[in-house]
Protein chains: 2
Amino acid sequence: MGTTKTAAFTQADIAAAKYAKALAHPARIAILRILVERRACICGDIVEELPLSQSTVSQHLKELKESGLIKGDVEGKKVCYCIDAQVWQQAQQVLGGLFAGYLPRHTSCC
Amino acid sequence: MGTTKTAAFTQADIAAAKYAKALAHPARIAILRILVERRACICGDIVEELPLSQSTVSQHLKELKESGLIKGDVEGKKVCYCIDAQVWQQAQQVLGGLFAGYLPRHTSCC
DNA sequence: AATTTTAATCGTAATTTTGCGATGATAACA
DNA sequence: TGTTATCATCGCAAAATTACGATTAAAATT
């Protein structure tokens with residue numbers, strides 16, 4: 001059906017999946033790396049660094065904005081994007097917590 | 001076009017996106033949580049815990065297996081799934097590294 | 001040997017994602 | 001005011017994702 005049965009899962013799982021989905025494309029990872037490194041960045045500069053058209057980059061930025069991970073600030077003609085520290089930390093905890101939950105041992109079934 | 005321009009990005013970004021994509025659905029998060037908690041689990045038990053059909057769960061398991069995060073061990077009639085410790089740690093580092101790269105400060109553009 | 005159990009795969013349908021060019025909207029500039 | 005620059009949105013096409021029932025394959029049971 002293509003419709004994800006989101007409602008049937010826990011809030012924690014839905015949140016984790018939401019953040020993971022925002023990261024689930026190399027272009028969006030690349031954008032986030034730029035913002036992490038530069039602290040903030042004009043939209044146009046991001047477009048120049050990526051091998052994608054302006055409209056496609058704009059779409060990826062929109063998805064990242066909708067996940068909450070980044071914010072966009074209109075500065076006259078340009079738009080400055082940056083990481084939302086609060087949401088970033090939240091995503092880090094949600095996903096980090098999942099990974100941290102697994103403690104490797106020598107006894108394993110497979 | 002629907003085709004992701006994967007080839008145009010760095011290996012690190014592709015790897016990060018690949019692991020994130022594996023986590024990008026509540027059902028797969030739920031499966032991983034079960035495996036983290038139980039250390040290993042029979043396929044049938046996972047199907048029972050999720051609000052999805054057997055074939056759908058099987059598909060999610062396949063995706064997780066293709067990402068490398070889990071392994072499946074055939075045990076007679078049943079199949080035992082568990083986390084692949086090596087790949088798990090790799091994903092933890094790749095995604096954790098991205099998050100750790102951002103150090104929040106008071107000076108922010110937006 | 002026939003049946004049952006377990007899980008993968010196939011076929012199908014609806015939806016979402018990815019990507020781009022074209023078009024719009026808004027602000028800055030001449 | 002007309003033009004240019006910057007970025008979002010629209011419309012479209014191709015492909016991928018999500019979901020399920022039905023079928024298949026293989027092992028275990030009877």
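Predicted model, so just to flag it, every value in this text is computed and none were measured. First the proteins, then the strands, lettered A, B, ... as listed; each starts at 1.
Distance CD (B/Glu48) to C1' (C/dT6): 12 Å, rounded to an integer number of Å. D/dC7 atom P lies 9 Å from atom NZ of A/Lys77, rounded to whole Å. Note: CD1 (A/Ile42) to C1' (C/dA28) measures 14 Å, nearest angstrom. The nearest whole Å value for the distance from the CG atom in A/Leu64 to the P atom in D/dC7 is 16 Å. Atom CG of A/Leu52 is separated from atom P of C/dT18 by 11 Å (rounded to the nearest Å). Distance A/Lys62 NZ to C/dT16 C1': 13 Å, rounded to the nearest Å. Here D/dC7 presents its P atom at 8 Å from OH of A/Tyr81, a figure rounded to the nearest Å. Rounded to an integer number of Å, the gap from CG of B/Leu61 to P of C/dT6 is 16 Å.
Side-chain contact between A/Trp88 and B/Leu98 is present, with heavy atoms from C-beta onward closer than 4.5 Å. Between B/Phe99 and A/Gln89 the shortest side-chain heavy-atom distance does not fall below 4.5 Å.
Taking the nucleotide of DNA chain C with the nearest heavy atom to each of B/Gln54 and A/Pro51, the more 5' of the two is matched to B/Gln54. Closest-nucleotide positions on DNA chain C for A/Thr56 and B/Lys78 were compared, and the one nearer the 5' end corresponds to B/Lys78. Judged by closest nucleotide on DNA chain D, A/Cys43 is the one of A/Cys43 and B/Gly76 placed further toward the 5' end.
In this pair, A/His25 and B/Phe9 present their aromatic rings perpendicular. The plane angle is above 60°, beyond the 30 to 60° band.
On a pure distance criterion of 3.5 Å, a polar donor-acceptor pair joins the side chain of B/Ser55 and the base of D/dG21. B/Gln59 contributes a side-chain N or O that forms a donor-acceptor pair with the base of D/dA19 under 3.5 Å.
Of all nucleotides listed (C/dA8, C/dG19, C/dA27), C/dG19 comes nearest to the side chain of A/His60. Relative to the side chain of A/Lys21, the nucleotides C/dT17, D/dC7, C/dA8 differ in distance, and C/dT17 lies closest. Listed nucleotides: D/dA8, D/dT18, C/dA8. Nearest to the side chain of B/Glu63: D/dT18.
In this structure, CG on B/Asp84 lies 9.0 Å from OG on B/Ser67, to the nearest 0.5 angstrom.
The closest side-chain donor-acceptor pair between A/Ser58 and A/Ser55, if any, does not fall under 3.5 angstrom.
The side chain of B/Ser58 places an N or O atom within less than 4.0 Å of a non-bridging phosphate oxygen (OP1 or OP2) of C/dA8.
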